[in-house]
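Presented below is the structure to which this report refers.
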2 protein chains.
Amino acid sequence: MSKDSLLPLLAQHVLAHGLGQASLRPLAKAAGTSDRMLLYHFGTKEALIAELLGYLARTYAATLDAALAGERPVTRGQVVARILKHARHPATQPFTALWWEIVAGAARGVDSYRAAAQAMMDELLGWLEGQMPAGDPDPKGGARYLLTLIEGTLMLAAIGHEGTARDGLLASGLAAS
Amino acid sequence: MSKDSLLPLLAQHVLAHGLGQASLRPLAKAAGTSDRMLLYHFGTKEALIAELLGYLARTYAATLDAALAGERPVTRGQVVARILKHARHPATQPFTALWWEIVAGAARGVDSYRAAAQAMMDELLGWLEGQMPAGDPDPKGGARYLLTLIEGTLMLAAIGHEGTARDGLLASGLAAS
DNA sequence: AGAGATCTGTAGCGATTGCTACATTGGCTT
DNA sequence: AAGCCAATGTAGCAATCGCTACAGATCTCT
């Protein structure tokens, strides 16, 4: 059992139970090994979390590529709608919950959290830029504008303000339902 | 030493060190008392955190009212600029870091976190509605739109993507520098 | 003044934390 | 066959966790 085969199992555990409550023994149990072996492989819990965050970022990138393929949208609203549909998909929900934990860690200045958060946002931003409508007057700025709106929407939804988020999007003129 | 006099000291400690790492003995030390007494007053750590979150929400509301008073802006961009200036103020930074922890808890479904997050967003939304420019065509929807944009901007800034956030705002047409 | 309620310190419990020392296994090389 | 080295289990350490039992202290009301 190597690092690489451990990481998916560890990721599954933190997706289900959160990063904050993740301690070595439960993690080991979920991965079918012992705390002793986790430290043997990763050296330190901190290093384990850092590698795990990296793995999650790579997984997120792969998920984005796979789930969001398709022909290029015609309007900005369609771009937003596609992302939101993906983010709200039940299978994505555990990841969304974890995302805010990563943001919290990044906001506190923890390097590995910040790196993972940036990597994921870079990935999403790249996808957005590539999906901007063909005749868009400002694809680069527009992608950043949409990213900002999307993340604000997801945050409001995360705390139970989905109504506010919906009305905000409606008033944006993007007319995503 | 009563609950009410304890809460500000406890709040100061979690603002400095985060909610996740807050355990009874350090909290008690910061408040000049003992873990024994914290449990005497609040019954349970969970109840303590819940009351603390309520206190933080009330404090946030008071801070907003105090810091953001002034004549009504003329453009939506000025509304956004005023909020962002407040959020970026050094004195607000510890609260901003804590905010994402609250969001993470709310996203995981913890009731007290969700209640506090909603209360704070209600407060901010109310302030925004009251500050929308006089002739605004859609003050209610516009306030929600601005709230979404603002929170997205703050999130990107929290993870070190301030450049992306700035470009997104520029492309929004609100022209907040 | 005496009785009861309120407040607070001391000590400790059982569980969990990250991590380590030591011993053992097993396969590979020579 | 001998020896070496990576892999793994067992046991335990000191620290911390939330919480509780017990004993004084202090205060209030009659």
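Chain A is the first sequence line, chain B the second, and so forth, proteins listed ahead of strands; every chain is numbered from 1.
Looking at heavy-atom distances under 4.0 Å, T44(B) makes contact with sugar-phosphate atoms alone, never a base.
The CZ atom of F42(B) sits 16 Å away from the C1' atom of dG18(D) (whole-angstrom rounding). Residue H41(A) contributes atom NE2, which lies 7 Å from atom P of dA7(D) at whole-angstrom precision. Summarising the geometry, the separation between OH on Y40(B) and C1' on dA5(C) is reported as 9 Å, rounded to the nearest angstrom. The nearest whole Å value for the distance from the CG atom in D35(B) to the P atom in dT10(C) is 11 Å. One interatomic measurement links the two molecules: CG of L38(A) to C1' of dT17(C), which rounds to 14 Å at whole-angstrom precision. Rounded to an integer number of Å, the gap from CE of M37(B) to C1' of dC7(C) is 6 Å. The NZ atom of K29(B) sits 11 Å away from the P atom of dC17(D) (whole-angstrom rounding). Across the protein-nucleic acid pair, L39(B) atom CG and dA21(D) atom P stand 12 Å apart, rounded to whole Å.
Ranked by how close their nearest DNA chain C nucleotide is to the 5' end, R25(B) and K45(A) are led by R25(B).
The number of heavy-atom neighbours closer than 6.0 Å to CG of D122(B), taken from other residues, nucleotides and ligands shown, is above 12. Within 6.0 Å of the CD atom in Q21(A), the count of heavy atoms belonging to other residues, nucleotides or ligands does not exceed 12.
Using a 30° and 60° split on the angle between ring planes, W100(A) and W100(B) fall in the parallel class, below 30°.
Side-chain N/O atoms of S34(B) include one lying less than 4.0 angstrom from OP1 or OP2 on dG9(C).
Here the side chain of S23(A) is nearest to one of dA21(D), dT17(C), dA7(D), namely dT17(C). The side chain of R36(B) approaches dT10(C) more closely than any other nucleotide in the set dT10(C), dC19(D), dT8(D).
When every heavy atom of A97(A) is checked against every heavy atom of R108(B), the shortest pair comes out as CB-NH1, 3.9 Å.
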